[in-house]
Amino acid sequence: MLYEHIRPHRPVIALGALLSLVGSACALSQPIATKTLVDRLGDDEPIAGILLVLTALVLLGTAIEAVAQYVLERAAESVVFAARRRLTGRLLRLRVSEADRIPPGDLMSRVTSDTTLLRAVTTQAMVAGVTGALTVVATIVMMGVLDPVLLGVTIGVMVLIGGATALVMPKISRATQRSQEAVGEISTVLERAFGAFRTIKASGAERRETETVWNATRKAWRYGVQAAKWQSLASSSVGLSVQVSFLAVLGIGGARVASEAIEVSTLIAFLLLLFYLIEPVSQLVSSATQYQEGAAAIARITEAERLETEPEAEPREAASEGGRKDPATAGEPAVGDGPAAVAFDDVTFRYREELPPVHQGVSFTVPSGGMTAFVGPSGAGKSTVFGLIERFYDATGGRVSLDGRDVRDWPLAELRAAIGYVEQDAPVLAGTLRENLVFAAPDATDEDIREVLVRTRLDTLVDRLPEGLDTRVGHRGSRLSGGERQRVAIARALLRRPRLLLLDEATSQLDAVNELALRDTVAEAARHTTVLVVAHRLSTVLLADRIVVMEAGRVRAVGTHAELVAADPLYGELAATQFLATATG
């Protein structure tokens with residue numbers, strides 16, 4: 001899987017590796033030049049030339065290594081950038097069912113923390129590992145040329161210590177993977193805390209939530225320390241092997257010099273090569289440990305990339321115009337103009353196989369135009385109707401159709417372009433008020449915006465804001481009241497000029513004056529589009545042309561208010577208690 005991330009950057013990485021090898025060659029030639037210098041000193045020969053060569057090798061090797069490091073680090077940053085871009089592109093296209101299953105903080109950790117580890121893997125685990133291995137081979141060859149006996153002593157010591165080092169690599173991998181999972185848990189806990197920041201303060205739960213975060217960070221610290229312990233053991237083994245080798249070579253080499261088997265210059269050059277061997281061997285050990293860390297991160301990234309996503313849609317500029325067809329996509333079936341008709345035919349649905357069904361044979365028909373209200377006890381499956389129409393979820397049985405065609409047969413972007421949707425909690429995104437209004441209709445004109453502001457009674461709000469439409473609304477719209485956030489969400493949906501408008505308890509946080517104004521807005525919209533509303537207020541239900549009563553995942557009755565009060569006991573009870581209580585509360 002690592003190769004998939006580095007494949008587009010192969011030329012740059014290869015260039016960096018080549019420069020690194022050239023720099024290593026310059027450094028590797030320095031002990032040989034030193035041997036020549038010692039020999040000339042012993043023979044009273046001039047040394048100016050060899051000193052110049054040695055100086056040039058040092059300067060050239062340093063410069064080339066610096067360039068190589070820059071090239072490789074730049075390539076590593078490009079790998080991280082591409083991975084984050086690719087991963088975010090997939091995560092934002094996840095099916096809602098997948099996003100419901102995995103905590104957002106964990107997904108954010110994969111984009112931030114896990115992708116960061118790709119940088120070290122690219123520059124150390126792969127390139128430094130390859131160049132380090134080649135340099136070790138070249139160094140060993142040169143040692144063999146100088147003296148095979150001393151080479152045998154060196155290799156014997158390093159193999160003995162290196163074998164013990166290899167045993168800790170799996171431990172590094174396990175500890176690193178657990179550490180990354182713990183970092184993801186920290187992100188999840190923090191996302192949970194900041195998502196309910198005011199609730200935590202109002203509940204006096206700061207200390208408890210802080211302890212929860214500390215527990216997650218403590219777990220990450222514990223596994224991080226474990227990984228550091230094994231990494232330290234692996235790194236220290238390199239220095240130990242070189243020091244033991246140096247003592248062995250010094251003792252045996254001194255004896256060979258005394259017996260005139262080799263010259264002093266040969267022993268000096270061999271010892272310099274031995275010291276030079278520290279860096280490439282350290283690179284190999286570091287590469288192995290970095291790879292273990294990177295492998296854990298890549299596994300988490302790959303897991304995220306395998307999550308099920310919705311099909312990627314082509315941009316459709318004309319789609320925001322009430323679902324009208326972009327000429328560039330004329331070969332595909334188009335969602336027509338005018339109000340949309342919706343039908344559910346024996347629809348069954350459950351969120352996951354292990355969970356109980358939410359819909360059990362739901363059937364109803366909504367003709368084009370007008371307003372249809374969905375009422376029923378909590379958990380009856382009302383909001384799920386909207387999720388199935390939007391194809392946030394697919395029905396497990398039966399058929400959901402728009403204009404007589406199964407919603408699964410429509411191009412997804414085209415289907416959603418025809419729908420305006422106001423969620424139950426009316427989310428507002430961080431940014432300016434203008435950005436929130438045009439979020440679903442980026443091509444809306446100032447005249448369009450002004451019109452919808454008046455319709456939703458947001459014009460007075462805009463007039464008193466310090467920067468008007470360009471005023472920032474804060475995280476999740478924290479600078480707006482609950483009712484203002486709801487009106488912004490409704491204005492955003494209306495600005496899209498949808499053929500089908502879905503309102504999920506869209507007036508629950510409005511005061512009586514604004515609710516009355518918004519009811520007029522919805523009633524006016526129902527003359528030009530099809531409006532479906534989940535309602536808990538009698539005043540809203542009374543405006544509906546038809547009412548669908550749901551209970552326990554089934555459609556219990558369909559009719560007008562007067563018909564249902566006379567014929568359906570549940571609706572009569574709701575109308576006499578819940579609706580009236582909500583309307584007057």
Side-chain angles (χ1 to χ4, degrees), residues 1-2 4-5 76-77 79-81 83-88 90-92 94 97-126 165 167-197 199-200 205-236 285-308 475:
M1 290 301 178
L2 174 61
E4 290 297 321
H5 291 283
E77 290 293 343
V79 170
V80 173
F81 169 73
R84 286 174 175 166
R85 185 174 180 178
R86 174 179 171 182
L87 190 55
T88 52
R90 286 191 62 85
L91 293 183
L92 291 177
L94 284 180
S97 57
E98 294 280 43
D100 290 343
R101 185 171 58 85
I102 302 176
D106 184 71
L107 294 177
M108 288 188 287
S109 174
R110 298 180 197 230
V111 175
T112 55
S113 176
D114 291 340
T115 54
T116 300
L117 289 178
L118 288 176
R119 181 189 299 112
V121 176
T122 304
T123 56
Q124 296 189 35
M126 194 186 75
T165 303
L167 297 177
V168 307
M169 291 303 170
K171 298 182 182 296
I172 294 175
S173 177
R174 287 193 296 271
T176 301
Q177 184 168 358
R178 290 171 181 168
S179 177
Q180 287 302 110
E181 291 172 353
V183 170
E185 185 177 338
I186 294 173
S187 299
T188 298
V189 173
L190 285 174
E191 190 274 337
R192 169 181 174 271
F194 288 121
F197 199 59
T199 301
I200 290 173
E206 294 97 333
R207 183 179 296 276
R208 295 196 303 273
E209 288 301 307
T210 300
E211 187 64 31
T212 301
V213 176
W214 283 355
N215 288 336
T217 56
R218 191 177 296 112
K219 184 185 296 184
W221 171 82
R222 185 167 63 252
Y223 290 130
V225 168
Q226 288 181 9
K229 176 180 66 177
W230 297 118
Q231 289 170 5
S232 299
L233 181 60
S235 299
S236 61
V285 174
S286 177
S287 297
T289 57
Q290 292 286 353
Y291 181 80
Q292 298 300 326
E293 293 180 353
I298 291 172
R300 284 170 50 81
I301 293 172
T302 302
E303 182 184 10
E305 289 179 338
R306 288 176 177 171
L307 296 175
E308 190 176 2
H475 177 61

**OP:** Take Arg178 and Arg222, measure what side-chain contact (heavy atoms from CB on, under 4.5 Å) needs, and give me the verdict at the end.
**Re:** CA-CA 10 Å; Arg178 290 171 181 168; Arg222 185 167 63 252; over 6 Å; no
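Contact check for Tyr223 versus Lys219: side-chain heavy atoms found under the 4.5 Å cut-off.
With sequence neighbours excluded, the residues satisfying side-chain contact (heavy atoms from CB on, under 4.5 Å) with Trp214 are Thr210, Glu211, Thr217, Arg218. Ser109 meets the side chain to side chain donor-acceptor pair (under 3.5 Å) test with no other residue; sequence neighbours excluded. Residues satisfying the side-chain contact (heavy atoms from CB on, under 4.5 Å) test with Arg90, not counting sequence neighbours, are Arg93, Glu305, Thr309. Gln226 meets the side chain to side chain donor-acceptor pair (under 3.5 Å) test with no other residue; sequence neighbours excluded. With sequence neighbours left out, the side chain to side chain donor-acceptor pair (under 3.5 Å) criterion links Arg84 to Thr115, Thr116. The side-chain contact (heavy atoms from CB on, under 4.5 Å) test applied to Thr112 returns no partner, not counting sequence neighbours. Every salt bridge (Lys or Arg N to Asp or Glu O under 4.0 Å) that Arg300 has, sequence neighbours left out, goes to Asp106, Asp114. Applying the salt bridge (Lys or Arg N to Asp or Glu O under 4.0 Å) rule to Arg101 yields the partners Glu98; only residues at least two apart in sequence or on another chain are considered. Residues passing the side-chain contact (heavy atoms from CB on, under 4.5 Å) test with Thr212 are Val189, sequence neighbours excluded.
When all heavy atoms of Leu307 and Ile102 are compared, the closest pair comes out as CD1-CD1, 3.5 Å.
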